[in-house]
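See structure below.
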Amino acid sequence: RDSNDEYPDSAEALLRYTLASGERISPMEFIPLLEESGLIIPVGKWIINNSLAMCKKVRQVYPDFHVSINLSYIQLLKSSVYEDIMESLALFELPPSSRVVELTESGQLENSITVQNIWTNLKTQGVFVALDDFGTGYSNISSLMFMPLDIIKFDKSMILKYHMNDKYF
């Protein structure tokens, strides 16, 4: 690789579900079912391990590559997700900076000491933390000052609304 070449520096692990018939089921449909049943915990651990296994392979070619995963509040509140992430990083001999964890904006983000502690612990270890879909939930700009975030991902619909409204531009 030439130092002037553009190359991928990150990817996001996305879970998709396709029926045997070929019909695709939206994550908006199956993720709540995984959360309600508690299956989000083993599925989440599988995603953590498989995404880091892929990341390790990619880093052999692109050393600065990192991978993002979305975490469910159920994972944060009812599992050992912090330990799962740290164990997986050690298993694949990856630096914490190779992982970005994302949490979708929700009122629970600000109100849960458990979530804030996990976020702080991950960030302290060097894992990047992100707020996904900002602008769709309950958070406001002032609440962001109290969250240990590295990345804020604005929701596309919010950006489009502002972009289409001349009074903001």
Side-chain angles (χ1 to χ4, degrees), residues 8-16 26-28 30-56 58-59 62-159 162:
D9 66 350
S10 65
E12 183 173 357
L14 300 172
L15 186 62
R16 298 295 182 251
S26 166
M28 299 296 281
F30 70 81
I31 296 292
L33 295 173
L34 289 173
E35 290 175 335
E36 289 170 19
S37 67
L39 290 172
I40 195 69
I41 294 170
V43 168
K45 190 169 184 171
W46 179 85
I47 292 168
I48 290 167
N49 286 326
N50 281 278
S51 64
L52 283 176
M54 180 275 308
C55 186
K56 182 173 177 93
V58 174
R59 285 176 73 94
Y62 303 114
D64 297 328
F65 188 81
H66 62 272
V67 65
S68 296
I69 61 162
N70 292 293
L71 297 179
S72 161
Y73 282 104
I74 303 301
Q75 285 174 274
L76 290 167
L77 297 175
K78 296 186 177 183
S79 78
S80 57
V81 71
Y82 171 79
E83 290 81 7
D84 293 344
I85 291 169
M86 299 314 293
E87 287 172 11
S88 190
L89 286 165
L91 174 69
F92 294 105
E93 300 174 332
L94 291 169
S97 61
S98 65
R99 165 67 76 210
V100 177
V101 293
E102 301 181 14
L103 185 60
T104 301
E105 179 194 3
S106 164
Q108 295 178 34
L109 177 67
E110 299 169 13
N111 300 327
S112 173
I113 296 298
T114 302
V115 171
Q116 289 182 9
N117 286 341
I118 293 170
W119 238 226
T120 300
N121 290 340
L122 287 169
K123 187 165 172 53
T124 300
Q125 291 299 318
V127 174
F128 290 106
V129 295
L131 176 61
D132 196 11
D133 294 333
F134 182 76
T136 60
Y138 306 96
S139 295
N140 58 50
I141 296 291
S142 64
S143 69
L144 297 177
M145 295 185 320
F146 303 104
M147 296 302 300
L149 299 169
D150 294 299
I151 302 164
I152 301 171
K153 294 172 68 176
F154 288 88
D155 182 68
K156 181 180 177 180
S157 65
M158 184 180 107
I159 300 298
Y162 285 112

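Everything quoted here is computed from the prediction, not taken from an experiment.
- Of all non-hydrogen atoms in Gln125 and Tyr82, the two that sit nearest each other are CG-OH, 3.1 Å.
- For the residue pair His66 and Ser97, the shortest heavy atom distance occurs at CB-O, 3.6 Å.
- Residue pairs meeting the salt bridge (Lys or Arg N to Asp or Glu O under 4.0 Å) criterion with at least one member in residues 86-101, sequence neighbours excluded: Lys56-Glu93.
- Within the 4.5 Å cutoff, no side-chain heavy atoms of Thr114 are placed close to those of Leu76.
- Distance CG/Leu71 to CG/Leu122: 7.5 Å, rounded to 0.5 Å.
- Sorted by first and then second residue, the salt bridge (Lys or Arg N to Asp or Glu O under 4.0 Å) pairs with a member in residues 74-84 read Lys45-Asp84; sequence neighbours excluded.
- Contact of the Ile118 side chain with the Val101 side chain is not registered, since no non-hydrogen atoms from C-beta on lie closer than 4.5 Å.
- Residues Val100 and Ser10 are not in side-chain contact: their nearest non-hydrogen atoms beyond the backbone lie 4.5 Å or more apart.
- Across all non-hydrogen atoms, the minimal contact from Asn49 to Ser88 is OD1-OG, 2.8 Å.
- The distance from atom CG of Leu14 to atom CD1 of Ile69, rounded to the nearest 0.5 Å, is 11.5 Å.
- Here CG of Leu52 is found 10.0 Å from CZ of Arg59. Values are rounded to the nearest 0.5 Å.
- Contact annotation: the side chain of Val127 approaches that of Leu89 to within less than 4.5 Å [non-hydrogen atoms, C-beta and beyond].
- Between Phe30 and Leu15 the shortest side-chain heavy-atom distance falls below 4.5 Å.
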Side chain to side chain contact (heavy atoms under 4.5 Å, CB included) between Ile74 and Leu34, intermediate numbers included: CA-CA 10 Å; Ile74 303 301; Leu34 289 173; over 6 Å; no

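- Scanning all heavy atoms of the two residues, the minimum distance from Val67 to Ala13 falls at CG2-N, 4.3 Å.
- Take Glu36 and apply the salt bridge (charged side-chain N to carboxylate O under 4.0 Å, His left out) test, not counting sequence neighbours, and it matches no residue.
- Between the Ser98 side chain and the Pro95 main chain, a donor and an acceptor come within less than 3.5 Å of each other.
- Summarising the geometry, atom CD1 belonging to Ile41 is positioned 7.5 Å from atom CD belonging to Gln75; distances are rounded to the nearest 0.5 Å.
- In terms of heavy atoms, Phe65 sits closest to Val58 at CG-CG1, 3.4 Å.
- Separation of atoms CH2 (Trp46) and CG (Asn50) is listed at 4.5 Å; rounding is to 0.5 Å.
- The CD1 atom of Ile47 sits 8.5 Å away from the CG atom of Asn70 when rounded to the nearest 0.5 Å.
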